[in-house]
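Both ligands and their constituent atoms are indexed starting at 1 by order of listing. The residues of the chain are indexed from 1 along the displayed sequence.
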Amino acid sequence: MKINFPSNFLWGTATSSYQIEGAANIDGKGKSIWDTFAHTPGNIKNNENADVAADHYRLFKDDVRLMAEINMHAYRFSIAWTRIFPEGRGTVNQKGLDFYSKLIDELLKNNIKPLVTLYHWDLPQKLQDKGGWLNRDTAKIFSDYAETFTKKFSDKIDFISTFNEPAVFSIHGNVDGYMAPGIKNKDIYLASLHHINLAHGYAIQSMRSIRKDLELGCVLNLGPCVPCSDSEEDINATNIYDMYWNRAFLNPMYKGYYPSALENELKKYIFSNDIKNIYQKCDYIGLNHYQHSRVKADKNHLLGARGAYYNEKPFGLSNDVELTSMGWEVVPEAYYDQIMELKNLYDDPIIYLTENGCAYLDKIENDGKVYDNKRVEYYKKYLSAVKKAIDDGANIKGYMVWSLMDNFEWALGFDKRFGLIHIDFYTLKRTPKNSYFFYKDLINNNGF
Ligand code: GCO
């Protein structure tokens, strides 16, 4: 059966600055919390870091050419705040602006629409030294950065997201401690959560004042939460986890209120106009989705509830469930359910599917090819779920594969390969995988 997508559907891929750019210390770039975190022994598998990564900073033209060769419509990437403001604020680093200028021009020349994310986790270290997201001032400083960027590029860019996955970086960075800045403290997490929401709201206001018709929003990692057993503890834990994971940003940003239990916890951080400032008109929800979360109660965890940690198997799994090499479940039904939940509970928003994908242990065979057929199967399943949601009325405008190329997978370093393009991290050679050619046909047929 052929699956067709609506005309004008936007097909693209996604990446993020720290995971691919490399060039960690050149052209005036400042240090981010990920530079610091990755250089602290014991934080990253095999003590790897992304100083070089895929060296996209130097090789971006090759990467754009690879996108152009399959007629990709859009490319979602993030801006390294520290290239533009090495210290987070103050003097602009012209060379940093120049890099993004060249990248954006190259995309436009090739008819690829740039989808920009302002913050994909690489907070300037200098701001972290002053408390990072714990510090309320960071919200305004972020909005100033958003304003500078938008002033410079609003004639070339139509689509900007404030944050990528605030729940992920605030929980794993401040509660679990296995992502930068590596903190385990519930108060810091709660204050950060609120200040990130505030930063989003301020930034939307400042960008909107520069160009009214920009497409603005936030990218959230959402997924249905399911208890890992039928025990009462696990069922309660699932509601708690859903609140922190799915609602803590989505609700204030898109509905104008916190879940009441969370509002209670945040009392001392919420000032009088904050909610009004956070709740700004957005043009879309960016949905990143990989799997549902199987939740268990955990008294030793600061939130009392958690999903599996990086590299842990999902809890309460039955044997017949397929897992990717991240240990993540292949459950396209959860994707469908998540999309339909947004449609039904969040006023039928415009949705961009800003990330979806899978890691496998891909390697280059003797004939020089990468037969990542499992990835192709994965995309067929997940895209069938997307199509079903569209048929059922979801307002989905586009789909971005995570990821264009293999990259630095945070605490797990380089061995989790998500790309359509294989990267040899020693020679930096790019090798399109089978899934890249699948994507080419998909784009050219607007379906498969
Ligand atoms: C995230 C990020 C990406 C990841 C990808 C795979 O979701 O964590 O947006 O940076 O690399 O999701 O884990």
Side-chain angles (χ1 to χ4, degrees), residues 12-22 32-34 37-38 44-45 48-50 53-54 56 75-81 115-123 161-176 178-180 196 217-223 245-246 249-250 285-293 307-312 314 323-330 334-335 338 352-362 372 375 378-379 382 399-421 423 425 435:
T13 53
T15 63
S16 90
S17 48
Y18 187 69
Q19 294 179 275
I20 63 164
E21 284 180 1
S32 83
I33 55 173
W34 269 95
F37 189 77
I44 311 291
K45 191 162 174 209
E48 289 168 335
N49 62 63
H56 173 76
Y75 175 50
R76 173 175 178 256
F77 61 100
S78 81
I79 308 299
W81 186 345
L115 309 181
V116 167
T117 305
L118 291 172
Y119 186 94
H120 201 123
W121 309 359
D122 39 1
L123 182 75
S161 313
T162 50
F163 287 95
N164 177 72
E165 302 187 357
V168 177
F169 75 81
S170 61
I171 294 178
H172 296 333
N174 296 293
V175 179
D176 301 321
Y178 61 74
M179 285 189 168
I196 293 162
C218 191
V219 170
L220 302 160
N221 182 328
L222 306 169
W245 192 265
N246 288 324
F249 297 94
L250 179 62
I285 295 179
L287 172 62
N288 288 0
H289 175 90
Y290 292 86
Q291 61 167 349
H292 55 197
S293 302
Y309 290 142
Y310 251 49
N311 239 2
E312 236 177 11
L323 301 179
T324 70
S325 81
M326 289 292 283
W328 292 352
E329 286 174 71
V330 179
Y335 201 17
Q338 182 56 57
Y352 282 89
L353 301 169
T354 35
E355 275 181 37
N356 170 242
C358 50
Y360 287 107
L361 302 169
D362 307 320
D372 61 337
R375 177 169 294 103
Y378 176 99
Y379 283 129
Y382 274 71
Y399 177 88
M400 307 297 129
V401 163
W402 185 270
S403 177
L404 173 65
M405 58 185 129
D406 295 341
N407 58 50
F408 180 79
E409 179 56 25
W410 308 112
L412 297 176
F414 288 105
D415 72 14
K416 303 296 176 197
R417 295 180 175 273
F418 276 90
L420 298 181
I421 298 168
I423 305 281
F425 290 104
S435 57

Is there a polar contact between ligand 1 and [X], counting only N or O atoms under 3.5 Å apart?
X	answer
W121	no
S16	no
Q19	yes

Side-chain donor-acceptor contact under 3.5 Å, [X] with [Y]:
X	Y	value
N164	T117	no
Y75	T15	yes
S170	N174	no

Pick one of side chain, backbone, both or neither for how [X] approaches ligand 1, counting any non-hydrogen atom pair under 4.0 Å.
X	result
N164	side chain
K416	neither
F408	neither

Minimum-distance protein heavy atom relative to [atom]:
atom	answer
atom 5 (C) of ligand 1	Y290 OH, 3.3 Å
atom 7 (O) of ligand 1	E165 OE2, 2.5 Å
atom 13 (O) of ligand 1	E409 OE2, 2.6 Å

Tell me whether the rings of Y178 and Y310 are parallel (<30°), tilted (30 to 60°) or perpendicular (>60°).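 Plane angle between 30° and 60°, so tilted.
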Classify the angle between the aromatic ring planes of W410 and W34 as parallel (below 30°), tilted (30 to 60°) or perpendicular (above 60°).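 Judged by the thresholds at 30° and 60°, the geometry between W410 and W34 is tilted.
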Considering only heavy atoms of [X], which atoms of ligand 1 have at least one such atom less than 4.0 Å away?
X	value
F418	6 (C), 13 (O)
E355	1 (C), 2 (C), 3 (C), 5 (C), 7 (O), 9 (O), 12 (O)
W410	3 (C), 4 (C), 10 (O), 11 (O)

What about the rings of H292 and W245, do their centers lie closer together than 6.0 Å?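 Ring centres of W245 and H292 not closer than 6.0 Å.
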Looking at the rings of F408 and F425, which for Trp means the six-membered one, are their centres under 6.0 Å apart?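 Not under 6.0 Å, so no.
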Contact between W328 and ligand 1, counting heavy atoms under 4.0 Å?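 True for this residue.
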So, do D122 and S17 sit near enough that their side-chain heavy atoms are less than 4.5 Å apart?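 D122 vs S17: side chains touch.
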Which residue in the set Y379, Y382, Y399, W402 passes side chain to side chain donor-acceptor pair (under 3.5 Å) when paired with N356?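 Filter result, single survivor: Y399.
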